[in-house]
Undergrad: 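Pasting a structure below so you can have a look.
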Amino acid sequence: MGDGGLTRTMVIWVPDWPVTAAAVATGRSPDEPIAVLEKGKVLATSAAARAEGVRRGQRARDAQSRCPELVVLKYDPVIDARAFDPVIACLEALTPGIQVIRPGMCALKARGPARFYGSESVAAEKLLDRLETFDVFGGRVGIADGPFAAEQAARASSVRARVLVVPPGESPEFLAPLTVDVLEQPTLTDLLRRLGLRSLGAFAQLPRTEVLTRFGPTGAFAHRLARGYDDRPVVGREIPPELTRTLDFEPAVDRVDQVAFAVRSVADELIARLTELGLVCTTLRVEIGTESGRIHEREWLHPRWFTAADVVDRVRWQLQGSGTATSELTSPVVRLRLVPDQADPVGAHVDGLWGGGPDERIHRALSRVQSMLGHGAVTSVVIGGGRGFAERQTLVPWGDPPVPARPPDQPWPGAISSSDPVRWPTLAPTTIFPQPLQAKVFAADGTQVSVSARGELSGVPTAFCLGPAPQVADSNKIHPITAWAGPWLTDERWWDPSTESRQARFQFHTADTRAWLFTLHQTTWQAQATYD
């Protein structure tokens, strides 16, 4: 224990971990000039990229201008965390109770390893040697009173001195010269800099009561960290039960029915283990390794939960989809893995008082069709954000998470919405044309109606006709307009010349009691949808 009862903490840090994880996932070497991007900005860089001037926070174009050979990879938090999980398991073979701070960084209580190996520094060296046997190089270790000071010690270490130990009780002196940026609270940091408090030591000298009054609980917590008083406990992760099931075939199997028969016992074992734990599997990843070296991997979702029979069916469908859709496979199967990617408590999926949940027969039939036609051949519509009805639709492959392409909760100025009954229709269209229908709109004198930049009409719309198209049976037929509304002008994506669109929307009502949604872009009229 350190000064004031603080826990001696050991933080293990692997620099540039997002680069390492992304490089391994894409089959590249972390020694290449690599930049990992998040939201268009550099999140992490390799040492080779930093040598060329690439820095965190730069935009992709700026980074590539400094290093033309730069390899740009997209940040994927799932890959990042999944790649770090075996590293934690590797360390847990030496010492339990490891807490994951973030992918690439973990913490543990230093007392146990220090007593076992003789000292804190020796224990740290043993853990770093363990990482190198797992092909994880460049690790650093910081040891101090509390997780915050230990993390800063790990970041202050170097390639030569890869272990930095802050003696008990000396964390405040170690933290004092560091800048307030290490608090990772941009709003508070900006305010402190404007007040002239640029170091943790200067911030720590402020009275605690005044800090709480001026900066609130968040500022008070940061003040405690700056003073070296981090009493947060180090809580080791709870190791989840091993649910993955692997089936090896020796010799390799070349028939679908043989694989399906063999996997039945493994599926029964998996479902029985989930039942013991009070869990159900709603997302299952099936990995099939073939003799050719290829791995056919697919994630299956279920509207309720998988039974053993469901697991066998998914394996059979996946084999038929990757083979020739018959009982023969293009390459014999040597290994099969069943990985429950999402296992939920059974209580979260019980039927409600009046039943509920999607029809399992429909899901089963559509999944079967999808296995024969391809993953993207069967889709469902998810409503997202956008200005027009057509762009609000996102076609999602059946069984995939229903995530729209555009967030529906954000404001979309100029969107056709039912929230304003004065301006927009209270009902959504019954038919939205996949491809807008070309049309002409006429005024009373027979001329085509146009709209000026100020929204002024050249004439009152009195009739329209649709151009020839496969879905139009009465092209060139004149449809008298009995009522109309508009125009509503929209100026979309004006900052991007390749996608900018300035158009006017109209609603027309015809004698056959139908209502139409029309748009006018420059001189081109299009029918977008109908309200039947």
Side-chain angles (χ1 to χ4, degrees), residues 10-37 42-51 54 56 69-108 110 113 116-117 121-143 150-151 153-155 157-164 236-237 239-240 242 244 246 248 285 287 289 293-295 297 334-335 337 339 341:
M10 181 183 301
V11 169
I12 305 172
W13 175 46
V14 182
D16 306 329
W17 177 256
V19 174
T20 302
V24 172
T26 56
R28 296 182 176 275
S29 171
D31 297 330
E32 299 180 35
I34 298 175
V36 177
L37 299 186
V42 176
L43 174 68
T45 66
S46 63
R50 283 195 297 273
V54 181
R56 182 176 181 177
E69 300 82 12
L70 186 68
V71 178
V72 176
L73 301 177
K74 185 179 179 181
Y75 176 67
D76 189 335
V78 175
I79 293 178
D80 205 26
R82 184 180 296 174
F84 194 58
D85 191 67
V87 178
I88 298 299
C90 161
L91 293 174
E92 286 174 336
L94 292 184
T95 177
I98 295 180
Q99 175 183 349
V100 179
I101 300 176
R102 65 179 67 91
M105 180 177 291
C106 58
L108 67 152
F116 184 82
Y117 291 106
S121 58
V122 174
E125 292 287 351
K126 290 290 185 182
L127 292 175
L128 291 177
D129 292 341
R130 175 69 176 176
L131 286 180
E132 290 183 354
T133 61
F134 203 69
D135 294 333
V136 178
F137 300 95
R140 315 275 183 84
V141 174
I143 305 173
E151 177 181 344
R155 295 185 181 276
S157 60
S158 61
V159 176
R160 293 185 178 180
R162 55 182 189 170
V163 178
L164 178 58
R237 70 167 185 165
I239 302 177
E242 180 56 46
T244 301
T246 303
D248 294 312
R285 189 169 78 251
E287 300 175 2
R294 291 190 59 189
I295 296 180
E297 179 179 342
V334 296
R335 169 171 288 195
R337 295 181 74 236
V339 184
D341 272 352

Undergrad: Restricting to non-hydrogen atoms, name the atom on Val122 and the atom on Tyr117 that form the minimum distance, rounded to 0.1 Å.
TA: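 Closest approach of Val122 to Tyr117: CG1-O, 3.7 Å.
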
Undergrad: My understanding is that only one of Thr95, Val163, Ile143, Ile98 makes a side-chain contact (heavy atoms from CB on, under 4.5 Å) with Met10; could you say which?
TA: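 The single option meeting the side-chain contact (heavy atoms from CB on, under 4.5 Å) with Met10 is Ile143.
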
Undergrad: Once you round to the nearest 0.5 Å, how far does SG of Cys106 lie from CD1 of Ile88?
TA: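 Cys106 atom SG to Ile88 atom CD1 measures 4.0 Å (nearest 0.5 Å).
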
Undergrad: From Leu131 CG over to Ile12 CD1, what is the distance, rounded to the nearest 0.5 angstrom?
TA: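 Atom-to-atom, Leu131:CG and Ile12:CD1 are 6.0 Å apart.
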
Undergrad: Yes or no on salt bridge (Lys or Arg N to Asp or Glu O under 4.0 Å) for Glu125 and Arg162, after CA distance, side-chain angles and deciding distance?
TA: CA-CA 9 Å; Glu125 292 287 351; Arg162 55 182 189 170; 2.9 Å; yes

Undergrad: Is it the case that the side chain of Arg335 and the backbone of Thr246 share a donor-acceptor pair, with hydrogens and angles ignored and the cut-off at 3.5 Å?
TA: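 No, the answer is negative, given that no donor and acceptor are paired below the 3.5 Å cut-off.
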
Undergrad: Does Phe116 CZ have over 12 foreign heavy atoms under 6.0 Å away?
TA: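 It does not: Phe116 CZ has 12 such atoms or fewer within range.
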
Undergrad: I'd like to know whether Glu32 forms a side-chain contact (heavy atoms from CB on, under 4.5 Å) with Ser46, so could you lay out the CA-CA distance, the side-chain angles of the two residues, the decisive distance to 0.1 Å, and finally the verdict.
TA: CA-CA 7 Å; Glu32 299 180 35; Ser46 63; 5.9 Å; no

Undergrad: Please report the interatomic distance CG(Leu94) to CG(Asp129), rounded to the nearest 0.5 Å.
TA: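 These two atoms lie 9.5 Å from each other.
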
Undergrad: Taking all atoms of both residues into account, what is the closest heavy-atom pair of Asp31 and Ala48, and its distance?
TA: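 Looks like O-CB, 3.4 Å.
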
Undergrad: Just verifying a value: how many Å separate Ile34 CD1 and Ser29 OG, rounded to the nearest 0.5 Å?
TA: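 Spacing of CD1 (Ile34) from OG (Ser29) equals 7.0 Å.
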
Undergrad: To check you understand the geometry: which heavy-atom pair defines the closest contact between Leu108 and Pro113, and what is its length?
TA: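 In this case the closest contact between Leu108 and Pro113 is CD1-CG, 3.7 Å.
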
Undergrad: Do the non-hydrogen side-chain atoms of Val42 and Val36 ever get within less than 4.5 Å of each other?
TA: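 No, every pair of side-chain atoms sits at 4.5 Å or beyond.
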
Undergrad: Work out which heavy atom in Trp13 is nearest to a heavy atom in Met105; give both atom names and the distance.
TA: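 Result for this residue pair: CD1-CE, 3.5 Å.
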
Undergrad: Run the side-chain contact (heavy atoms from CB on, under 4.5 Å) test on Arg285 and Glu297 for me, step by step, so that the C-alpha distance in whole Å, both residues' side-chain angles and the decisive distance to 0.1 Å come before the verdict.
TA: CA-CA 7 Å; Arg285 189 169 78 251; Glu297 179 179 342; 2.9 Å; yes

Undergrad: Minimum heavy-atom separation for Ala49 and Thr45, please, with both atom names.
TA: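 Of all heavy-atom pairs spanning Ala49 and Thr45, the closest is CB-CB, 4.1 Å.
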
Undergrad: Does the side-chain contact (heavy atoms from CB on, under 4.5 Å) test come out yes or no for Arg56 and Leu43, once each step is laid out?
TA: CA-CA 5 Å; Arg56 182 176 181 177; Leu43 174 68; 3.7 Å; yes

Undergrad: So, taking the atom named CZ in Arg337 and the one named CG in Asp248, what distance separates them when rounded to the nearest 0.5 Å?
TA: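 So the gap between those two atoms works out to 10.5 Å.
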
Undergrad: With side chains defined as the heavy atoms from C-beta onward, is the minimum distance between Leu128 and Arg140 less than 4.5 Å?
TA: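 Result no, sub-4.5 Å side-chain heavy-atom pair not found.
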
Undergrad: Return yes when atom CD1 of Ile295 has more than 12 non-hydrogen atoms of other residues, nucleotides or ligands closer than 6.0 Å, and no otherwise.
TA: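 No - once you tally the heavy atoms of other residues, nucleotides and ligands closer than 6.0 Å, there are 12 at most.
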
Undergrad: Using 0.5 Å steps for rounding, measure from the CG atom of Asp80 to the CG atom of Asp85.
TA: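 So the CG of Asp80 and the CG of Asp85 are separated by 12.0 Å.
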
